[in-house]
Amino acid sequence: QVQLVESGGGLVQAGDSLRLSCAASGRTFSVQTMGWFRQAPGKQREFVGAITRSGGRTLYEDSVKGRFTISRDNAKNMVYLQMNGLKPEDTAVYYCAARQSNIISTMVSGYDYWGQGTQVTVSS
């Protein structure tokens, strides 16, 4: 099993930046790909971005490209989501997810482990 704990959410104004962190523990050696998803009220959980274990490959959802950056520190079992230029439509609960495959998936069903989520609220 792998446990994931997100942190770093909060209330910010449009244009501000936030960095979310995800701490992984347990059988982390089994995890190859780490992803971030988000879920706004009344909407389905959606893919934000993901990164492979080596960090050599990343993939982002179109609306966050150029604004969000995912990075990871395998020695610390940490994954980060740097969010710049935040917009009110970025308001959601953000989830960290882990996948045993090294092929990036954009689907919720493609991930094996999930964190509890952290709230990000962007005011206009």
How long is the span from the [atom1] atom in [X] to the [atom2] atom in [Y], to the nearest 0.5 Å?
X	Y	atom1	atom2	answer
E46	W36	CD	CH2	14.5 Å
R72	N77	CZ	CG	8.5 Å
R53	F29	CZ	CZ	9.5 Å

>> Between Y60 and T69, does the side chain to side chain contact (heavy atoms under 4.5 Å, CB included) criterion hold? Intermediate values first, please.
In response: CA-CA 8 Å; Y60 297 95; T69 302; 3.9 Å; yes

Check for a donor-acceptor pair, side chain of [X] on one end and backbone N or O of [Y] on the other, with a separation under 3.5 Å.
X	Y	result
T28	S25	no
R67	G85	yes
R57	N102	yes
S123	V12	yes

> Is NZ or CZ of R19 both nearer than 6.0 Å to the six-membered ring centre of Y80 and within 45° of the ring axis?
Replying inline: yes

Grab the two heavy atoms, one from [X] and one from [Y], that are nearest each other, plus how far apart they are.
X	Y	value
A92	A40	CB-N, 3.8 Å
L4	Y113	CD1-O, 3.6 Å
R99	G110	NH1-O, 2.6 Å
F47	S105	CE1-O, 3.5 Å
A50	T33	CB-CG2, 4.1 Å
C96	E6	N-OE2, 2.7 Å

> What's the verdict on side chain to side chain contact (heavy atoms under 4.5 Å, CB included) for V122 and D16, showing C-alpha distance, side-chain angles and the deciding distance?
Replying inline: CA-CA 8 Å; V122 184; D16 285 351; over 6 Å; no

> Taking atom types as modelled and ignoring hydrogens, do the side chains of Y94 and R38 form a donor-acceptor contact shorter than 3.5 angstrom?
Replying inline: yes

Side-chain touch [X]/[Y], heavy atoms, less than 4.5 angstrom:
X	Y	answer
Q82	S71	no
Q32	S101	no
Q119	T91	yes
V2	S30	yes

>> Check this for me: does any side-chain nitrogen of one of K87 and D90 sit under 4.0 Å from a carboxylate oxygen of the other?
In response: no

In one Ile/Leu/Val/Met/Phe/Trp/Tyr side-chain cluster, 4.5 Å: [X], [Y]:
X	Y	answer
V108	V93	yes
I70	L59	no
V120	F68	yes
Y95	L18	no
V31	Y111	no

> Can V5 and Q116 be said to form a side chain to side chain contact (heavy atoms under 4.5 Å, CB included), step by step?
Replying inline: CA-CA 7 Å; V5 179; Q116 82 289 348; 4.2 Å; yes

> Would you find more than 12 non-hydrogen atoms of other residues, nucleotides or ligands less than 6.0 Å from M107 atom CE?
Replying inline: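 Atom CE in M107 is not packed in, count stays at 12 or less.
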
>> Let's go through L20 and M83 carefully: what are the C-alpha distance in whole Å and the side-chain angles of both, what is the deciding distance for side chain to side chain contact (heavy atoms under 4.5 Å, CB included) to 0.1 Å, and is it a yes or a no?
In response: CA-CA 8 Å; L20 304 184; M83 304 185 294; 3.7 Å; yes

